Amino acid sequence: MPELPEVEVTRLSFAPGIRGATIRSASLGKPLRWPLGIAPQQLVGQQVLGVRRRGKYLLIDLSEGLLLLHLGMSGSVIFASAQAEPGKHDHFDLHTSQGTLRLNDPRRFGAVVFASSQDDPEANKLLGRLGVEPLGEDFDGAAFYEGLQQRKTAIKQVLLAGEVVVGVGNIYASEALFIAGIRPTTRANRLSRPRVRKLQDAICTVLARAVEKGGSTLRDFSNAQGESGHFQLEAMVYARQGEPCRQCGTAIKSIKQGQRSTFFCPQCQKP
DNA sequence: CACGGATCCTGATGGC
DNA sequence: TGCCATCAGGATCCGT
């Protein structure tokens with residue numbers, strides 16, 4: 001479900017409501033990808049200072065540390081004043097003076113991890129290898145080009161790895177490469193400066209647009225208010241194998257790269 | 001150190 | 001209330 005736009009839409013939908021709240025209690029369901037790192041009771045009494053995002057991580061700033069939240073493949077968050085008893089796939093509840101934040105994640109690839117302010121939370125291992133923010137000021141052409149020059153792998157997989165630029169998932173990687181006219185199998189270090197520039201613009205455009213639209217609703221994405229993105233992503237290539245390219249009519253192709261599906265137009269996207 | 005593959009887990013879908 | 005294979009929006013870890 002969540003790539004950067006969905007995570008950002010989630011953040012925007014609950015950050016104002018939870019800011020300033022005091023944590024009353026916290027509870028865990030089944031194990032997620034990583035353990036919380038502390039006993040849930042240790043969160044009690046802490047203040048929620050705000051909510052930021054880094055890549056696909058939600059960073060909840062607390063008075064004594066940082067709560068890192070990742071939605072994995074199937075996670076979603078609800079923030080509401082009254083919550084029913086946790087359901088089968090509800091694996092984390094944060095009860096606060098202003099409402100309950102609940103993580104629902106059927107596949108449990110997501111995580112909630114506490115980083116104490118005693119250990120420099122910003123230096124958390126999970127945040128260490130992340131690339132530049134695509135919607136931030138640091139995403140400039142020169143640095144992006146230099147980053148890609150270091151990689152001989154297919155550009156699609158370099159985007160997904162998140163070590164050069166973060167937040168581009170499987171859907172938006174295919175979409176951005178289509179907009180930029182670049183074949184997903186092209187090796188990253190073989191791209192010319194102008195093509196890298198075009199790709200950079202395409203990534204910004206497609207992600208920013210998706211955030212504006214409230215996240216794509218390819219399946220069942222909804223924000224923390226339970227509102228589904230009232231927008232169906234009009235994908236140019238994603239999941240459109242065999243269908244005509246919206247630009248030239250050529251049949252969209254589907255291939256596997258690193259066990260993930262990739263979609264592209266063999267006519268519009270050049271190696 | 002850059003790369004490719006295995007791996008975690010549940011649910012939906014489609015072929016037989 | 002059939003069973004089985006395949007696939008799904010992520011990303012870390014491990015062997016090479």
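Each chain gets a letter, A, B and so on, in the order its sequence line appears, and its residues count up from 1. From a predicted model like this one, the values you see are computed outputs, not experimental measurements.
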Quiz item: Using Watson-Crick and G-U wobble pairs whose two distances are both under 3.5 Å, how do you write the pairing of DNA chain C as dot-bracket, with | for links to another strand?
Solution: .|||||||.|||||||
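- C:dC3 and B:dC9 have their P atoms separated by 23 Å, with the value rounded to a whole Å.
- In A:Asp140, the CG atom is crowded: over 12 heavy atoms of neighbouring residues, nucleotides or ligands sit closer than 6.0 Å.
- Note on A:His89: every side-chain N or O is 4.0 Å or more away from OP1 and OP2 of B:dT10.
- Atom CE in A:Met73 sits about 12 Å away from atom C1' in B:dG11, given to the nearest Å.
- For A:Lys125 and C:dC13, the NZ to C1' distance is 9 Å, given to the nearest whole Å.
- Relative to the side chain of A:Ser261, the nucleotides C:dA8, C:dA11, B:dC9 differ in distance, and C:dA8 lies closest.
- Comparing the P positions of B:dG5 and C:dC7 gives a spacing of 16 Å, expressed to the nearest Å.
- Close to C:dT12, at under 4.0 Å from its OP1 or OP2, lies a side-chain N or O of A:Tyr57.
- Judged purely by distance below 3.5 Å, without hydrogens or angles, the side chains of A:Lys256 and A:Thr262 never pair a donor atom with an acceptor atom.
- Counting heavy-atom neighbours within 6.0 Å of A:Lys125 NZ, excluding the residue itself, gives a total of 12 or less.
- Residues A:Asp105 and A:Ser74 have side chains that bring a donor and an acceptor to within less than 3.5 angstrom of each other.
- With rounding to whole Å, A:Lys30 atom NZ is found 10 Å from B:dC9 atom P.
- Every pair passing salt bridge (Lys or Arg N to Asp or Glu O under 4.0 Å) that includes a residue from residues 67-92 of chain A is listed here, sequence neighbours excluded: A:Asp90-A:Arg102.
- Rounded to whole angstrom, the span from the CG atom of A:Leu159 across to the P atom of C:dG10 amounts to 12 Å.
- Cluster partners of A:Leu127, by chain and number: A:Trp34, A:Tyr57, A:Leu59, A:Leu66, A:Leu68, A:Val113, A:Leu126, A:Leu130, A:Val166. The rule joins Ile, Leu, Val, Met, Phe, Trp and Tyr whenever side-chain heavy atoms lie under 4.5 Å apart.
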Exercise. Could you please spell out the steps behind the side chain to side chain donor-acceptor pair (under 3.5 Å) verdict for A:Thr22 and A:Gln47?
Key: CA-CA 5 Å; A:Thr22 302; A:Gln47 300 270 329; 3.0 Å; yes
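- Per the geometry, CG belonging to A:Asn104 stands 14 Å off C1' belonging to B:dC9, to the nearest Å.
- The NZ atom of A:Lys88 sits 9 Å away from the P atom of B:dT10 (whole-angstrom rounding).
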Exercise. Starting at the 5' end of nucleotides 3-8 of chain B, put B wherever the base has a protein heavy atom under 4.0 Å, S where only the sugar-phosphate does, and a dash everywhere else.
Key: SSSBBB
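- Residue pairs meeting the ring pair (Phe, Tyr, Trp, His ring centres under 6.0 Å) criterion with at least one partner in residues 93-142 of chain A, sequence neighbours excluded, are A:Phe139-A:Phe144.
- Closest to the A:Lys256 side chain, of the nucleotides B:dG11, C:dG10, C:dC7, is C:dC7.
- Spacing between atom CG of A:Leu126 and atom P of C:dT12 amounts to 7 Å, rounded to whole angstrom units.
- Applying the ring pair (Phe, Tyr, Trp, His ring centres under 6.0 Å) test to residues at least two apart or on different chains, the pairs with a partner in residues 243-271 of chain A are A:Tyr238-A:Phe263.
- The nearest whole Å value for the distance from the CZ atom in A:Arg260 to the C1' atom in C:dC7 is 11 Å.
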